[in-house]
Enquirer: 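Next up is a structure, given as C-alpha cells.
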Protein chains: 2
Amino acid sequence: MPIKEADLERVRQLPFLKTANDDTFRRLIQGAFLQRFPAGTTLLTEGDSVDFLYILLDGTVELSGTWNDKETILALLGPLSTFILAAVVLDTSALMSATTRDRSDILMISGETLRRVMQEDAAFGFGVSQELAGCYRGLVRSMKSQKLRGGIERLANYLITQRIRQGDVETITLPHEKRVLASLLGMTPENLSRAFASLADYGVVVNGPLVTIGRPVVLKRLAKPDALIDNHTPEEMRGGGKARLEAWPNQPERMTV
Amino acid sequence: MPIKEADLERVRQLPFLKTANDDTFRRLIQGAFLQRFPAGTTLLTEGDSVDFLYILLDGTVELSGTWNDKETILALLGPLSTFILAAVVLDTSALMSATTRDRSDILMISGETLRRVMQEDAAFGFGVSQELAGCYRGLVRSMKSQKLRGGIERLANYLITQRIRQGDVETITLPHEKRVLASLLGMTPENLSRAFASLADYGVVVNGPLVTIGRPVVLKRLAKPDALIDNHTPEEMRGGGKARLEAWPNQPERMTV
DNA sequence: GGCCAGCCCTGACATAGATCAAGGATGGAA
DNA sequence: TTCCATCCTTGATCTATGTCAGGGCTGGCC
C-alpha cells in the first residue's frame, strides 16, 4: 500500500516527529511501509522480537497481556498512536500483544533506523524521550486507578473522562464493546454490567453503546476524579486551539485506564 | 554535603549516564548537589512541580500514590536508581510522591540542565530514552501482575524473584517491612499474612524477615513465573560479568511488582 | 525492670468480585 | 424468513479480599 503525501503530513504532526529535522524524517520514512490490516489481525504476540515501530493511522489497536490462560487488555489505541516504542528503543522483545480491533492502516518504521537516527538528531531523541515519558505517566495513572479504586469507581471515572473528551455531551457513545471495556477496566463483563446497573442510582442510563449521564455532578461525587489519575484532556490539547480537538492523538498513555 | 569523586564515578556508571560524553556529564554535575535525608522524609508530594532529577546513591526511597484517603506503594528503590525522570523530561508535575524509607543520600540534578543537554548530546538523549523505556516496561510488568494474578500468586512470584536476586539462596531476607511489601503487592497487611500462611503448604517457612523456600520447584508450580512479567534479573546484568552482580542498580522498573 | 508503641498475626465477619448457568436481544448468513 | 452466533444481562452461588477487633511479640525508653 503506497504511502500518500497526506499520510506523511499527518504523521509529521505527531509531537515526537515534529521535533525531528527534515533529514531525520526523510530517513525514517525511507524504509517505512504502510499496510492495511483487517479487524482481528495479530500484529505482534508478546515475547516476539520487535523490528518495527508501529504508527496507527486509522482504525483501532488493542494491546493485551496474558498469563496462565487469562488475558487482559492494557490499552486501546485510536488513530495517530505509536506503539511498542519502548521495545524498539531497547531492541528487545515485546511485553504486550498487539491486535487490530477494526480494519486498520498502520505505518511501520524500521526499528534499526529509528535507533540510529535518534543517536544523530538530538532534538528527535528528545522528542522520543518525551513520548516515552508520556507513555510511562499514562501507565502510572492506570496503576493508581487499578490499585486505589474499586470497579464501580473506575467505571464512573471512565465515563466522566469520555464525557469530557466527547465534548461535554449529555449522552456519550462507548467506543468499544462492553466486554472489551470490562477487560480494560480490570473486571469481568458480568461485573461491568452490574456496575452500570448500580450507576443508575447516580443518573446513568445505558442504552446499548449509548450512555446518558443525567446528573454529572452526582456522578462526580461518587467518582472523585483526580487530575493525578484521570487524564481528562490529553496533554498536547491543553492550551491548544480548537483545531487539535477535531482528531486528537489517542496515544497509549492517554487511552489506558 | 560535598560530592565526592567516588560518588561521581559510581553515578557515571549508570547506563543512561554512561552514554553521555564528558562535557555533557560535566554540565549535568555542575549545578547538581548531594543531600543526605533522614528516614521518613518526603522528598516530593504528588502534584508538586519537579525541578530536579533525583538519583538515589544510598538508602531506600518509596514511590507512592494516593486517592480518596487511600495510599499505595508503586515502587521501592534501592541504590543507584533514578526517579521522576518522566516528569523532568516533560517539565511537568509529579504523579507520585517520593519518601525516604531509610537514611538516604540523593544526588539532585537540575531538570532544566538535563533537558537542555539532552537536546545537544544525541547519545545522551538516546540513553535517557532507554532508561525511560526500561521504566515503562517495568510498569507494564507490574500491571500485568496486578491484573492477571491473585494475591497469593503475586507473593509467590515476588519470593521467587527475590530468591534469584539474592543469589539462589534457600533463605531470603525480606528487604522491607511486611506492611510495605503488602502495599507494593497490592493487598492489605492482614491478607499478606494469610498469603504467607497458605504458602506453608508449598514449603515456605516464615520467620520474621527471613523466608525459607524449602521446595522451590513446588512453589514454582504454583507461581508460574513468566519472563514477560517477572524480571528475575535486571536487564543490564544479563550477559554481564560478575562485577555487575555486586551492586546492581535497582531502578524503578526493576523493583516494582 | 516495666511501660509503651509499632508491627505482626489470627479469627470473625462483611463486601467486592468471579464464576456458573440461563435467557433475551441483535444482526448476519443461509 | 429462519437459523445461528455473539453479545449482553441477570440471578445464584462461591471465592477472594477487605475490615474490624483482639492479642502476642519486640525493642526503645523511662
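Below, chain A is the first sequence line, B the second, and so on; all start at residue 1.
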Enquirer: Nearest to the B:Asn191 side chain among D:dG18, C:dC7, C:dG17, which nucleotide is it?
Expert: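 Nearest to the side-chain atoms of B:Asn191, counting from C-beta on, is D:dG18.
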
Enquirer: Using whole Å, report how far CG of B:Leu185 lies from C1' of D:dG18.
Expert: 16 Å

Enquirer: Please report, rounded to the nearest Å, how far the C1' atom of C:dC13 is from the CD atom of B:Glu190.
Expert: 13 Å

Enquirer: Give a yes or no on this: more than 12 heavy atoms of other residues, nucleotides or ligands lie within 6.0 Å of atom CZ of A:Phe52.
Expert: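 Counting other residues, nucleotides and ligands, CZ of A:Phe52 exceeds 12 neighbours.
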
Enquirer: Does any residue of residues 65-73 of chain A have a heavy atom under 4.0 Å from DNA chain D, and if so, which ones, in number order?
Expert: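 Correct list: empty, so none.
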
Enquirer: Given atom CD of A:Glu153 and atom P of C:dT15, what is their separation to the nearest angstrom?
Expert: 15 Å

Enquirer: I'd like to know if the side chain of A:Thr100 reaches the main chain of A:Pro38, judged simply by a donor and an acceptor atom lying under 3.5 Å from each other, with no hydrogens or angles considered.
Expert: yes

Enquirer: To the side chain of B:Glu177, which of D:dG18, C:dT19, C:dC7 is closest?
Expert: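 Closest nucleotide to the B:Glu177 side chain: C:dC7.
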
Enquirer: Using salt bridge (Lys or Arg N to Asp or Glu O under 4.0 Å), reason through B:Asp226 and B:Arg149 one step at a time and then give a plain yes or no.
Expert: CA-CA 11 Å; B:Asp226 181 328; B:Arg149 308 215 260 228; over 6 Å; no

Enquirer: What's the closest nucleotide to the side chain of B:Thr188 if the choices are D:dT19, C:dA18, D:dT10?
Expert: D:dT19

Enquirer: For the side chain of A:Thr45 and the backbone of A:Asp48, is there at least one donor-acceptor N/O pair under 3.5 Å apart?
Expert: no

Enquirer: Heavy atoms under 4.0 Å, any strand shown: does A:Gly151 hit a base, just sugar-phosphate, or nothing?
Expert: sugar-phosphate

Enquirer: Please report, rounded to the nearest Å, how far the C1' atom of C:dC8 is from the NE2 atom of B:His176.
Expert: 18 Å

Enquirer: Would you find a donor on one side and an acceptor on the other, under 3.5 Å apart, between the side chain of A:Asn157 and the backbone of A:Ala223?
Expert: yes

Enquirer: Rounded to whole angstrom units, what separation is found between the CE atom of B:Met187 and the P atom of D:dT19?
Expert: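 Rounded to whole Å, this separation is 14 Å.
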
Enquirer: Given 3.5 Å as the limit, does a donor-acceptor pair link the side chain of B:Arg154 with the main chain of B:Leu185, or not?
Expert: yes

Enquirer: Hey, can you pull the residues of residues 193-202 of chain B with a non-hydrogen atom under 4.0 angstrom from DNA chain C?
Expert: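 Contacts with DNA chain C under 4.0 Å: B:Ser193, B:Arg194.
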
Enquirer: Is a side-chain N or O of A:Lys147 found less than 3.5 angstrom from the main chain of B:Glu71, in a donor-acceptor match?
Expert: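 It does not hold such a pair.
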
Enquirer: Taking atom P of C:dC8 as reference, at what distance in whole Å does atom CG of B:Leu210 sit?
Expert: 13 Å

Enquirer: In terms of side-chain heavy atoms of B:Arg179, which of C:dC7, D:dT19, C:dA18 is nearest?
Expert: C:dC7

Enquirer: Assess the residue pair B:Glu46 and B:Thr66 against the criterion (side chain to side chain donor-acceptor pair (under 3.5 Å)); give the C-alpha distance rounded to whole Å, side-chain angles, the decisive distance to 0.1 Å, and a yes or no.
Expert: CA-CA 8 Å; B:Glu46 48 181 351; B:Thr66 63; 2.2 Å; yes

Enquirer: More 5' along DNA chain C: A:Gly150 or B:Val180, using each one's nearest nucleotide?
Expert: B:Val180

Enquirer: Donor-acceptor pair, B:Ser198 side chain versus B:Ala195 backbone, under 3.5 Å?
Expert: yes

Enquirer: What is the distance, to the nearest angstrom, from the CG atom on B:Leu174 to the C1' atom on C:dC8?
Expert: 13 Å

Enquirer: Rounded to whole Å, please give me the gap between CG in A:Leu192 and P in D:dC8.
Expert: 9 Å

